[in-house]
Participant: 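Below you will find the structure I want to go over with you.
Just the heavy atoms: all of them, side chains too, but no hydrogens, waters or symmetry mates, feed the values below.
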Amino acid sequence: MKLNKVVIILGKRLVHDKLSAEGRSRVEALSNVLNELCFDTTALVFCGGITQSQTVSEADAMYGYFRHLMEVKGVDFPEQQVIIENRSLNTLQNMQNAAAELLQSGLC
């Protein structure tokens, strides 16, 4: 399946392996506009690696929060259209790794 829309959610440094207020706000913003997106043509890419003194990646923490919000709202975004890019440590790496992951997935 080829998709024509990609939403990239950039990581924000975690605090004690938890999302900060800014990190949560990024995921909340996505959940607030999700109903405006066509699920059939959209991929989501959560970006962000494990930063200094953390044991959880930013991408994994954001995706976990996203799944929680979707469960609360009763929304079921297709799992096969979600990419977790959990190696990046800066914005340039976010873009490079997200592009590589999208190509490798075959979604775009």
Participant: Is the closest side-chain heavy-atom distance between R67 and E79 below 4.5 Å?
Facilitator: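 Heavy-atom side-chain distance check passes, below 4.5 Å.
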
Participant: Has S88 got a side-chain atom pairing as donor or acceptor with N94's backbone, closer than 3.5 angstrom?
Facilitator: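 Between the backbone of N94 and the side chain of S88 there is a qualifying donor-acceptor contact (under 3.5 Å).
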
Participant: Grab the two heavy atoms, one from E85 and one from R87, that are nearest each other, plus how far apart they are.
Facilitator: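 Smallest interatomic distance, heavy atoms only, reads OE2-N, 2.8 Å.
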
Participant: Under a single-linkage definition using a 4.5 Å side-chain heavy-atom cutoff for Ile, Leu, Val, Met, Phe, Trp and Tyr, are V82 and L69 assigned to the same hydrophobic cluster?
Facilitator: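 Yes, one cluster joins them.
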
Participant: Please work out whether the ring planes of F66 and F46 are parallel, tilted or perpendicular, with thresholds of 30° and 60°.
Facilitator: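 F66 and F46: tilted rings.
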
Participant: Would you give the length of the straight line joining atom CG of D76 to atom CD of E71, rounded to the nearest 0.5 angstrom?
Facilitator: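 One finds 10.5 Å between CG of D76 and CD of E71.
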
Participant: Would you compute the distance between atom OG1 of T91 and atom CD of Q96 and round it to the nearest 0.5 angstrom?
Facilitator: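 That separation rounds to 11.0 Å.
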
Participant: Hydrophobic cluster membership, with links at side-chain heavy-atom distances under 4.5 Å among I/L/V/M/F/W/Y: are V45 and V75 in one?
Facilitator: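 Different hydrophobic clusters.
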
Participant: Are any side-chain N or O atoms of S105 and backbone N or O atoms of L107, one a donor and one an acceptor, separated by less than 3.5 Å?
Facilitator: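 The answer is yes, because a donor-acceptor pair under 3.5 Å joins these two groups.
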
Participant: Is the shortest side-chain heavy-atom distance between L102 and I83 below 4.5 Å?
Facilitator: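 When only atoms from C-beta onward are counted, I83 and L102 do touch, with a gap below 4.5 Å.
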
Participant: Are I50 and V56 close enough that some pair of their side-chain heavy atoms sits under 4.5 Å apart?
Facilitator: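 No; the side chains remain at least 4.5 Å from each other.
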
Participant: Using side-chain heavy atoms (C-beta onward) and a distance below 4.5 Å, is T42 in contact with V6?
Facilitator: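 T42 does not reach V6 side chain to side chain.
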
Participant: Is there a side-chain contact between K12 and E58 (heavy atoms, below 4.5 Å)?
Facilitator: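 Answer no - side chains too far apart.
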
Participant: Look up atom SG in C47 and atom CG in N86, then write down how far apart they are to the nearest 0.5 Å.
Facilitator: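 Here the interatomic distance stands at 9.5 Å.
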
Participant: Please report, to 0.1 Å, the donor-acceptor pairs under 3.5 Å made by any side chain of residues 25-34, with sequence neighbours excluded.
Facilitator:
from : atom 1 : to  : atom 2 : distance (Å)
S25  : OG     : E22 : O      : 2.7
R26  : NH1    : L10 : O      : 2.8
R26  : NH1    : G11 : O      : 2.8
R26  : NH2    : E22 : OE2    : 2.7
E28  : OE2    : Y65 : OH     : 2.4
S31  : OG     : E28 : O      : 2.9
S31  : OG     : K73 : NZ     : 3.4
N32  : OD1    : K73 : NZ     : 3.4
N32  : ND2    : E28 : O      : 3.1

Participant: Taking the side chain as C-beta and beyond, is there a heavy-atom pair between M62 and L19 under 4.5 Å?
Facilitator: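 SC-SC contact between M62 and L19 confirmed.
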
Participant: Go through it in stages, so that I can follow the logic: the residues are L14 and S20, the test is side chain to side chain contact (heavy atoms under 4.5 Å, CB included), and I'd like the CA-CA distance, side-chain angles, deciding distance and then a yes or no.
Facilitator: CA-CA 6 Å; L14 303 180; S20 65; over 6 Å; no

Participant: What's the separation between atom CD1 in I8 and atom CD in E101, rounded to the nearest 0.5 Å?
Facilitator: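 Rounded to the nearest 0.5 Å, the CD1-CD separation comes to 11.5 Å.
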
Participant: Please identify each residue that fulfils side chain to side chain contact (heavy atoms under 4.5 Å, CB included) with L89, with sequence neighbours left out.
Facilitator: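 Testing L89 for side chain to side chain contact (heavy atoms under 4.5 Å, CB included), a comparison that skips the adjacent residues, returns T51, Q93.
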
Participant: Do V7 and L37 come close enough that some side-chain heavy atom pair is under 4.5 Å?
Facilitator: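 The answer is yes, as the side chains (C-beta and beyond) meet within the 4.5 Å cut-off.
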
